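The structure presented is a predicted model; accordingly, all values stated were derived computationally and were not measured. Numbers restart at 1 for each chain; the letters A, B, ... are given by sequence-line order, proteins then strands.
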Amino acid sequence: MNSVALFGARIVNKFTCFLVISRKFCDHSGHVGEVHDGLNCIEESLTKEWESSDFDSATVEKPGFYDHECSEGHFSVRRIFVDNVKFDAGRILEILQRDGPGFDAKLALSESGIRVSGILVREVLLGILRNVDYANKTRCAKLGYKFFVWSGQRENFRHTANTYHLIMKIFAECEEFKAMWRLVDEMIENGFPTTARTFNILICTCGEAGLARKVVERFIKSKTFNYRPFKHSYNAVLYSLLAIKQYRLIEWVYQQMSDEGHPPDILTYNIIMCAKYRLGKLEQFHRLLDEMGRSGFSPDFHTYNILLHVLGKGDKPLAALNLLNHMKEVGFDPRVLHFTTLMDGLSRAGNLEACQYFFDEMINRGCMPDVVCYTVMITSYIVAEEFEKAQGLFDEMIVKGQLPNVFTYNIMIRGFCMAGKFDKACSMLKEMESRGCNPNFLVYNTLVSYLRNAGKLSEAHEVIRHMVEKGKYAHLVSKFRRYRRC
DNA sequence: AGCCTTTCGT
């Protein structure tokens, strides 16, 4: 409930100062009219841009996302516009969270005088989406829908496929599945095309394979399915299924494709091969690779990446080196990503030396390791119980300006636990928090289960208490127990 | 034309 109260306030605080500065700028420039024309223009261009972009929080939270066309300086018109939208969104979120007996949020929204635009609706719904957690999900769904309905009733605003997707995503996160499906029907009734994004949201909420298959079937056959930017609906569906690791369904869809006489392209081959590999069907994997070649498709960056992972996990460093050289010869210069997947494979195969060799080789070839690459190398050291080397690399990455992420901290904490240095493990948790890297449940789980296994029950309890105090994952506390036996 | 590929042991 605390987090509900917070979600408006945080945005307001952050942007009030910008708004004050922005308003001053308008007053003193003597070009208020121009600024307003500019704002309309920007609203249009931003609407287009954001309509076509995805709404993953990752995209939005990327630093500098809102600044990327501010070369004229800090107070560009575009910036002012964006800050104004954020300010209004903050106000709306504040009004929404006051909703309850004795307070009519819809009325308050209507009286607020805030002009509704596509970007504003997006910002508000994203604000709600970001704040959904276990404790407040019912309320978030309710408030989100209240705002969705209210904004759809404004005379100057009409919902789009994207705003539908956002509210559907909120319902999905809040586990309001029936309401989500009702919205799909409403969307279709109102003439919106169902897109690859619609499919993606729906398929992600299908827990059981039977249900997922029904959804897949519906989309493949649907006449109104707008599958662009994919070449055909099969690839659009396959791509989503890969992202949610539904490998068996991928096989099934590929079968449907073949039955319908739809020839695979390079994207299809890459996805199917990836699925076969993940399912451990290496023979079929190689058969597909041959078939792909015979059909006239040459491997691309993605194919090589899969091949390198296969070679790594199969502990074939020499073949991998040959493949890397071959890639260079045919004009695909291996990138950090390729070395990283190869190293990840080798690390899982337990070949630390080879892993280290390719890490050095990569740098020799002028590729600089990124966070993921450092994390993979650190993991390799920790699995081999080379804790000092792991620590050394962790320090090095910070010096080189690569900020450790939640994966990096998790493996470091695990390493300290394995080495029996529980005090260091706990201070790592504090360190990540102080550096603004929020621990997720898996990080707490690492620490708690190792502490418990070592018989340090009061320390484990202390970590749990700390976690619950932060208002996070309280509903998952019982899940810790599951790992105790391991 | 676009679309795809990497890191939290199970």
Side-chain angles (χ1 to χ4, degrees), chain A residues 52-54 195-197 199-200 226-245 250 264-275 277-278 292 297 299-310 312-313 327 332 334-350 355 358-359 362 367 369-383 390 393-394 397 402-415 417-418 428-429 432 437-450 453 482-483 485-486:
Chain A
S52 62
S53 76
D54 221 332
T195 68
R197 184 72 208 172
F199 173 76
N200 191 274
N226 182 357
Y227 45 80
R228 273 172 299 179
F230 296 88
K231 222 173 200 164
H232 45 72
S233 58
Y234 286 103
N235 275 358
V237 167
L238 285 171
Y239 171 60
S240 270
L241 293 176
L242 186 69
I244 58 164
K245 302 181 158 86
I250 289 178
D265 61 12
I266 185 77
L267 172 59
T268 322
Y269 274 117
N270 283 340
I271 293 175
I272 309 299
M273 281 179 0
C274 196
Y277 164 60
R278 301 263 179 201
M292 191 184 107
F297 293 104
D300 65 2
F301 264 113
H302 313 292
T303 324
Y304 283 119
N305 197 39
I306 300 167
L307 287 172
L308 285 166
H309 203 235
V310 173
K313 226 176 154 189
M327 282 176 70
F332 287 107
R335 301 183 203 155
V336 190
L337 175 77
H338 295 101
F339 286 100
T340 307
T341 23
L342 171 58
M343 284 162 52
D344 178 55
L346 289 165
S347 155
R348 285 169 202 275
C355 202
F358 284 107
F359 185 75
M362 177 184 75
C367 276
D370 59 8
V371 203
V372 182
C373 191
Y374 270 114
T375 306
V376 167
M377 193 62 229
I378 288 171
T379 306
S380 190
Y381 280 133
I382 284 172
V383 168
L393 207 57
F394 181 79
M397 72 182 283
Q402 292 294 335
L403 274 185
N405 63 21
V406 66
F407 290 80
T408 326
Y409 282 110
N410 189 42
I411 189 63
M412 286 303 290
I413 288 172
R414 208 171 92 203
C417 288
M418 283 166 72
M428 205 78 199
L429 182 73
M432 70 185 288
C437 179
N438 274 331
N440 57 22
F441 181 69
L442 289 162
V443 174
Y444 290 114
N445 188 43
T446 304
L447 199 47
V448 169
S449 51
Y450 271 98
N453 279 341
R482 191 145 53 94
Y483 294 87
R485 272 175 270 127
C486 303

Name the nucleic acid region contacted by V376(A), choosing base, sugar-phosphate or nothing; use a 4.0 angstrom heavy-atom cut-off, strictly under.
sugar-phosphate
Take the protein atom CG of L307(A) and the nucleotide atom C1' of dT5(B), then report the distance between them rounded to whole Å.
11 Å
Applying a 4.0 Å non-hydrogen cut-off, can you work out what I306(A) is touching in the nucleic acid: base, sugar-phosphate, or nothing?
nothing
Measure the distance from CZ on R197(A) to P on dC3(B) and round it to the nearest whole Å.
16 Å
Side-chain N or O of R348(A) less than 4.0 angstrom from OP1 or OP2 on dC8(B)?
yes
Provide, to the nearest angstrom, the distance between the CG atom belonging to D300(A) and the C1' atom belonging to dC4(B).
8 Å
Per atom distances to the N440(A) side chain, the nearest of dT5(B), dC8(B), dC3(B) is dC8(B)
When we call it a touch if two heavy atoms are under 4.0 Å apart, what does N270(A) touch: a base, just sugar-phosphate, or nothing?
base
Does the H338(A) side chain pair with the main chain of R335(A), one donor and one acceptor, at a distance under 3.5 Å?
yes
Nearest to the side chain of V372(A), heavy atoms from C-beta on, is which of dC8(B), dT7(B), dT5(B)?
dT7(B)
Point-to-point distance, once rounded to the nearest 0.5 Å, from OH of Y374(A) to CE of M377(A):
11.0 Å
Keeping the roles fixed (side chain from S240(A), backbone from V237(A)), state whether a donor-acceptor pair exists under 3.5 Å.
no
Check: N405(A) side chain, dC8(B) base, donor-acceptor under 3.5 Å
no
Between CZ of F339(A) and C1' of dT7(B) the distance, given in whole Å, is 17 Å
Base, sugar-phosphate, or nothing for L267(A), non-hydrogen atoms under 4.0 angstrom?
base
Quick one: label Y239(A) by what it contacts on the DNA or RNA (base, sugar-phosphate, nothing), any heavy atom closer than 4.0 Å.
sugar-phosphate
Quick check for you: among dT7(B), dC8(B), dT5(B), whose closest atom lies nearest to any side-chain atom of R335(A)?
dT5(B)
Side chain to side chain contact (heavy atoms under 4.5 Å, CB included) evaluation trace for T408(A) with F394(A)
CA-CA 8 Å; T408(A) 326; F394(A) 181 79; 4.0 Å; yes
In whole angstroms, the gap separating C1' of dA1(B) from CD1 of I266(A) amounts to 16 Å
T379(A) side chain vs T375(A) backbone, donor-acceptor pair below 3.5 Å
yes
Rounded to whole angstrom units, what separation is found between the CZ atom of F301(A) and the C1' atom of dT6(B)?
14 Å
Rounded distance in Å - NZ (K245(A)) to P (dT5(B)):
11 Å
Closest approach to the side chain of D344(A), judged atom by atom: which nucleotide of dT7(B), dC3(B), dC4(B) is it?
dT7(B)
Y381(A): what forms a side chain to side chain donor-acceptor pair (under 3.5 Å) with it, not counting sequence neighbours?
Q356(A)
Report yes or no: is the ring centroid of F407(A) under 5.5 Å from the six-membered base ring centroid of dT7(B), with the two planes under 30 degrees?
yes
How close or far is atom C1' of dC3(B) from atom CG of N226(A), stated in whole angstroms?
13 Å
Classify the nucleic acid contact of T341(A) as base, sugar-phosphate or nothing, counting any heavy atom under 4.0 Å across all strands shown.
sugar-phosphate
The side chain of F230(A) lies closest to which of these nucleotides: dT7(B), dT6(B), dC3(B)?
dC3(B)
